[in-house]
Peer 1: 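Before I ask anything, here is the structure I am working with.
Below, chain A is the first sequence line, B the second, and so on; all start at residue 1.
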Amino acid sequence: MKKELPKAYEPQQYEDAIYQRWEQSRFFNPDVCVKKGITDKNTPTFSIVLPPPNVTGTLHIGHAAMLAIEDVLIRYHRMKGDRTLWVPGTDHAAIATQEKVERLLWNEDQKTRHDLGRDVFLKRVEDFAQDSHDKIINQTKKMGSSLDWSREYYSLDEKRNLAVRKAFKKMYDAGLIYRGDRIVNWDPKMQSNVSDIEVVRTEEKTFFYYFQYGPFVIGTARPETKFGDKYVVMHPEDTRYAKYKHGDTFECEWINGKITATIIKDEAVDPEFGTGVMTITPWHDATDFFIADRHGLDKEQVIDLNGNLLEIAGEFAGMNILEARPKIVEKLTQKGLVVRIDEEYVSAKATNSRGGGLIEPQIMKQWWVDVKKKFVIENSQMEGIENGKEYSLQEILQHAVRSKQIEIIPERFEKQYFNWVDNLLDWCLSRQIWYGHRVPAWYHGDDVYVGVEAPEGEGWQQDSDTLDTWFSAGMFSFTPLGGVDEETDDLKNYHPTSVLETGYDILTFWVVRMIMMTTYLRGEVPFRTVYLHGLVRDEQGRKMSKSLDNIIDPLDVSAKYGTDAVRLSLLLGSAPGNDTKLSDEKIGSFRNFTNKLWNISRFTIGKVQETSYKIQKNIQLPQAHTLADQYILMKINHVVEIVTGLLESYQFSLAGEQLRDFTWGEFADWYLEIAKVEGNKSEILNYCLNNILKLWHPYMPFVTEAIWTEMYGEENLLMVERWPVFVETTTGEAQAIQEDFDTLQKIIIKIRSLRSDYKIEPRKKVSLVLNEDANNIFLLLQNNIDVLKTLARLETVEFGGKKPDGAISFVENGVEMYLNLIGVLDIEKETEHINKEIATVEPYVNSLEKKLSNTEFVHNAPAQVVEQEKKKLADAKEKLEKLHTQLIYLLTLRDF
RNA sequence: GGACUCAUAGCUCAGUUGGUUAGAGUGCCACAUUGACAUUGUGGAGGUCAGAAGUUCGACUCUUCUUGGGUCCACCA
């Protein structure tokens, strides 16, 4: 016989040891499960590749939410018997990690990466990354994540690097990757180009200047770019400027003397904005760049890569642009060319989301993915994409989701997906940072060689640029399982993966790129389902950030409340794709529930051990002896069905709430209380607890495993037990049980409520009398008389009696009942009570009568609904009648 | 400028093809507590479902508009 469990669950005493047992079992690896006969090798597979956390530090609570959701899916599928694989990894996060280390380097040593040189700097980044990696892995394990560590990968390791080089070469050979001069987002601070989605725009108040430019007045927020402006552009339909013709030239006085300007008509100009006329700076503005491109105009560089003015600026050459701006305006003022200045102008300032450098557009040679170029596909396994036909990457992206070969949950994010994909622009791949995969291109004179390996011969030099981190990330559905052009068992078994679970904030960064890269390289989708979760915010709904000091560290709260409580607080009370608010209080309330489950188990096990019954692990549906037994067995079966359905449809919050309501509300508050009365329930208690632990395991792996160990010993792991199976029953039977139990519950609650209203001491027992028309529930109450008496604290129950003097009446299921409260009945109070109840029932009856007398309702509504309403009316009327009788009785009493 | 999303009890949220006297958790109030449960139990108060119009026999649910939060996209100099 085992020892009694401790009174309270202390997570710290169990969690680490349990995780170790899981790891030592090696059951996180599906191959081991098959080998040990736990999983059948012919069952379906279920696979997830963990979105690899960036090695930029430690995990935040958002990662913990991601781990919790994925672990629920994984543990559920593993228990269901699927060959279940969850692959861990970490991401080098090129730009983010380099920026972080550069910042540290500057703060600690006041040095830049250039002071150290490429090799030394990279060593420093790698050390930092390694340190981050180790912390992240520890945290991930602490959260209970059942990841297959034998398959762990790093986005910058040798295998992933080979995949990057192969993919690049393949796409280059197909003409999908090209090198070209385009306008890019240059960050002078980081000395790198960044992609459009890495740029954030914030509104900022600036001055907006109106300058005289020949016969025109032009507006600009950036006078420092205007040196080279020699084209003046207006809308072709703008009647104000109809007399000027496209291509006309004129001479005018400008910043550094006379220039010749050319008139250009282009629809990109908004006649409503400013004066409807502008000059363009194609080298430093994207709009201007495209205008210049359309008309074949000259492009001249004005600002260098450090943000300083070039020779073209004359006396301002070498000056930083921000320093030069007021001086240029001053000079133009002296020349009488400033018309006016709008000081309240709001413009969108572009900054690098990593590091915050001010973006200065520049024309530069970079590597790009051409998303619109058609290519002949040869490896397609996708429906609707035929081999030998031509498609562009963009078309395949559209098709994959439109044809539902990839399902996005919640569905509304499909709109965001298409909004992005339909307007897709070429993807700029190259970055001038050092940390990351190198562009696999080599130069020798004017020759460019793109390949997996460096070319033979002297004098070749590798491109110094690195690749956008999302280029390698775009292959993460398959590179952890096998390489490009390589068929491994893992790829055969686990790819496409079942679901990509990630935050909605990286739908465009990552999800789109994964679909693009994988459909091209493998001819199949990377995953079947995309499940997007929301962001975790603080209790006031703000984003968590260091500056607000509102960060909740998963390790802190895990130590304080236990990992299971943290997981529950992240899983419950949130909807897919919606942000959730988290607070200490919320986690605390789930810690309470964890402890409740512990005590439920403690009591249940104790109860069973009082009898000669021996606890079983594999237990069939037991025989019910009482209504309560029938009820709880029916209920647990029902919960299995509901929870399984909700998990299958990714409704983690609802599934958890259903389980909690069942466990706390039905099982603990009712069934266990009844079990104390009825006794002799070892088998059913064993059955219930067994199933409850299994159902909770995906949500609360530690406490359930700890209890399981107490019940069945160290040699059994709940983690690989079989998920409960829903048993088909006749619905009529279940409904009858439900109705009977409902009636019993309602009577007990009513009596408790009356006792509370009349301030009857909990210890004091009272008597219940049911009048003579109690036939319909006579048997029900007779059969459950002990339960009724104990839970409602009744001395006696008398059937078919008359109303005792001084008793209060109530109606339940059409039966009038009297609670004998001799000496405590307060006529005034009771009158008030009844009146209050009448006041709620009367309008209800009226509304039902009105509804049913409405012939349109009776004709148009389905017969079933009409019947339902009729029954409601009959019940309510009966109740109202009895309330009136009671009221009259009270009035006669008062008259005495 | 184009979209998306949210608005239900003090707080956090359910409410899935339109038919409920609108629910839960938490907080609050009252009572109880050697009892599996420091972290418990029982009971209670608390909502014109943001506002307006429409469709319908019937709207928290569908449509349109308004108001107020949040988010994404976009080359307004």
Peer 1: Given the ring of A:Tyr671, does A:Lys635 sit roughly above its face, with NZ or CZ under 6.0 Å from the centre of the six-membered ring and within 45° of the axis?
Peer 2: no
Peer 1: If you only use heavy atoms from C-beta on, which nucleotide in B:rG43, B:rC73, B:rU39 is closest to the side chain of A:Asn595?
Peer 2: B:rU39
Peer 1: Fit a plane to each ring of A:Tyr210 and A:Phe208, take the angle between them on a 0 to 90° scale, and name the class: parallel (under 30°), tilted (30 to 60°) or perpendicular (over 60°).
Peer 2: perpendicular
Peer 1: Which of these nucleotides, B:rG2, B:rG35, B:rU39, is closest to any side-chain atom of A:Lys676?
Peer 2: B:rG35
Peer 1: Under 4.0 Å between any heavy atoms, over every strand shown, what does A:Phe273 touch: base, sugar-phosphate, or nothing? Just pick one.
Peer 2: base
Peer 1: How close or far is atom P of B:rU40 from atom CG of A:Leu672, stated in whole angstroms?
Peer 2: 15 Å
Peer 1: Figure out the CD1/P separation between A:Ile747 and B:rU42, and round it to whole Å.
Peer 2: 18 Å
Peer 1: In whole angstrom, what separates A:Leu848's CG from B:rG19's C1'?
Peer 2: 11 Å
Peer 1: Using the benzene-type ring in the case of Trp, are the ring centres of A:Tyr14 and A:Tyr9 under 6.0 Å apart?
Peer 2: yes
Peer 1: Please give, in whole Å, the distance from B:rU71 C1' to A:Gln416 CD?
Peer 2: 8 Å
Peer 1: Quick one: do A:Arg325 and A:Glu224 make a salt bridge, cutoff under 4.0 Å?
Peer 2: yes
Peer 1: Taking A:Arg182 first and then A:Asp426, would you say they form a salt bridge - that is, a charged N and a carboxylate O separated by under 4.0 Å?
Peer 2: yes
Peer 1: Rounded to whole angstroms, how far apart are CZ on A:Phe667 and P on B:rG41?
Peer 2: 15 Å
Peer 1: Between A:Trp696 and A:Phe593, is the ring centre distance below 6.0 Å?
Peer 2: yes
Peer 1: When the C1' atoms of B:rC60 and B:rG47 are considered, how many whole Å apart are they?
Peer 2: 12 Å
Peer 1: How many angstroms lie between CG in A:Asn578 and CG in A:Leu532, if you round to the nearest 0.5 Å?
Peer 2: 11.5 Å
Peer 1: Does A:Lys7 make a side-chain donor-acceptor contact with the base of B:rC37, cut-off 3.5 Å?
Peer 2: no
Peer 1: Could you tell me how far B:rG27 sits from B:rA74 if I compare only their C1' atoms? Round to whole Å.
Peer 2: 45 Å
Peer 1: So what does A:Val841 touch, heavy atoms closer than 4.0 Å: a base, only the sugar-phosphate, or nothing?
Peer 2: nothing
Peer 1: Watson-Crick or G-U wobble partner for B:rA14, using a 3.5 Å limit on both distances?
Peer 2: none
Peer 1: Considering only atom C1', compute the distance from B:rA77 to B:rC4 and round it to an integer number of Å.
Peer 2: 29 Å
Peer 1: Suppose you measure atom C1' in B:rG19 against the same atom in B:rA9; what distance do you get, rounded to whole Å?
Peer 2: 24 Å
Peer 1: Nearest to the side chain of A:Asp661, which nucleotide is it out of B:rG19, B:rA24, B:rA38?
Peer 2: B:rA24
Peer 1: So what does A:Glu267 touch, heavy atoms closer than 4.0 Å: a base, only the sugar-phosphate, or nothing?
Peer 2: nothing
Peer 1: Give the rounded distance in Å between these two atoms: CZ of A:Phe413 and C1' of B:rG70.
Peer 2: 12 Å
Peer 1: Taking only the side-chain heavy atoms of A:Gln868 (C-beta and beyond), determine which of B:rG19, B:rU40, B:rA74 contains the nearest atom.
Peer 2: B:rG19
Peer 1: From C-beta outward on A:Ala8, which listed nucleotide comes closest to its side chain: B:rC73, B:rA38, B:rG44?
Peer 2: B:rA38
Peer 1: Which nucleotide, in any strand shown, forms a Watson-Crick or G-U wobble pair with B:rU63, with both distances under 3.5 Å?
Peer 2: B:rA53
Peer 1: If you look at every strand shown and take non-hydrogen atoms under 4.0 Å, does A:Arg222 touch a base, only sugar-phosphate, or nothing?
Peer 2: nothing
Peer 1: Which base sits across from B:rA30 as a Watson-Crick or G-U pair, both distances under 3.5 Å?
Peer 2: B:rU42
Peer 1: Regarding A:Asp669, tell me which of base, sugar-phosphate or nothing describes its non-hydrogen contacts under 4.0 Å with the strands shown.
Peer 2: sugar-phosphate
Peer 1: Starting at atom CZ of A:Arg201, determine the distance to atom C1' of B:rC72, rounded to an integer number of angstrom.
Peer 2: 14 Å
Peer 1: Using a 4.0 Å heavy-atom cut-off across all strands, classify A:Tyr345 as base, sugar-phosphate, or nothing.
Peer 2: sugar-phosphate
Peer 1: Indicate, with a heavy-atom threshold strictly under 4.0 Å, whether A:Gly606 touches base, sugar-phosphate, or nothing.
Peer 2: nothing
Peer 1: With a 4.0 Å cutoff (strictly under), does any side-chain N or O of A:Trp664 reach OP1 or OP2 of B:rG41?
Peer 2: yes
Peer 1: Tell me whether the side-chain N/O atoms of A:Lys871 come closer than 4.0 Å to OP1 or OP2 in B:rG19.
Peer 2: no
Peer 1: If you check the A:Ser753 side chain, which of B:rG43, B:rU20, B:rU40 turns out closest?
Peer 2: B:rG43
Peer 1: Tell me whether the NZ or CZ atom of A:Lys299 lies within the 45° cone about the ring axis of A:Phe289 and under 6.0 Å from its centre.
Peer 2: yes
Peer 1: Which part of the nucleic acid does A:Ile280 contact within heavy-atom distance under 4.0 Å: base, sugar-phosphate only, or nothing?
Peer 2: nothing
Peer 1: Which value, in whole Å, describes the distance between the P atoms of nucleotides B:rG35 and B:rU40?
Peer 2: 15 Å
Peer 1: Taking the inter-plane angle between the rings of A:Phe273 and A:Tyr345 on a 0 to 90° scale, is it parallel (under 30°), tilted (30 to 60°) or perpendicular (over 60°)?
Peer 2: perpendicular
Peer 1: Just compare B:rA36, B:rG19, B:rG2 and give me whichever is closest to any side-chain atom of A:Asn419.
Peer 2: B:rG2
Peer 1: Look through every strand shown and name the nucleotide pairing with B:rA3 as Watson-Crick or G-U wobble, where both distances are under 3.5 Å.
Peer 2: B:rU71
Peer 1: Which whole number of Å gives the distance between the C1' atom of B:rA52 and that of B:rU67?
Peer 2: 11 Å
Peer 1: Looking at A:Ile600, A:Leu597, A:Thr604, A:Leu659, which hits side-chain contact (heavy atoms from CB on, under 4.5 Å) with A:Ile692?
Peer 2: A:Leu597
Peer 1: Are A:Lys560 and A:Asp584 within salt-bridge range, i.e. N to O under 4.0 Å?
Peer 2: yes
Peer 1: Which residue, A:Glu673 or A:Ser589, contacts RNA chain B at a nucleotide closer to its 5' end, judged by nearest heavy atom?
Peer 2: A:Ser589
Peer 1: Taking B:rU63 as the reference, what is the distance to B:rG18 when you measure between their C1' atoms (whole Å, please)?
Peer 2: 13 Å
Peer 1: Atom CZ of A:Arg752 and atom C1' of B:rA32: how far apart are they, to the nearest Å?
Peer 2: 13 Å
Peer 1: Step through it carefully: locate the ring centre of A:Tyr531, locate the ring centre of A:Phe652, and say whether they are under 6.0 Å apart.
Peer 2: yes
Peer 1: Using Watson-Crick or G-U wobble geometry with both distances below 3.5 Å, tell me the partner of B:rA9, or none.
Peer 2: none
Peer 1: Between A:Ile749 and A:Phe208, which is nearer to the 5' end of RNA chain B once each is assigned its nearest nucleotide?
Peer 2: A:Ile749
Peer 1: Give me, pair by pair, the N or O atoms of the protein and of nucleotides 57-62 of chain B that are less than 3.5 Å apart, along with how far apart they are.
Peer 2:
| from | atom 1 | to | atom 2 | distance (Å) |
| --- | --- | --- | --- | --- |
| B:rC57 | OP1 | A:Asn860 | ND2 | 3.4 |
| B:rC57 | O2' | A:Asn854 | ND2 | 3.0 |

Peer 1: Is A:Glu360 salt-bridged to A:Arg222, cutoff N-O under 4.0 Å?
Peer 2: yes
Peer 1: If you restrict it to nitrogen or oxygen atoms, what contacts under 3.5 Å exist between nucleotides 9-17 of chain B and the protein, and what is each distance?
Peer 2:
| from | atom 1 | to | atom 2 | distance (Å) |
| --- | --- | --- | --- | --- |
| B:rU12 | OP1 | A:Lys581 | NZ | 3.1 |

Peer 1: Expressed as a whole number of Å, how far does the C1' atom of B:rC65 sit from that of B:rU21?
Peer 2: 32 Å
Peer 1: Counting the benzene-type ring for Trp, do A:Tyr504 and A:Phe413 have ring centres under 6.0 Å apart?
Peer 2: yes
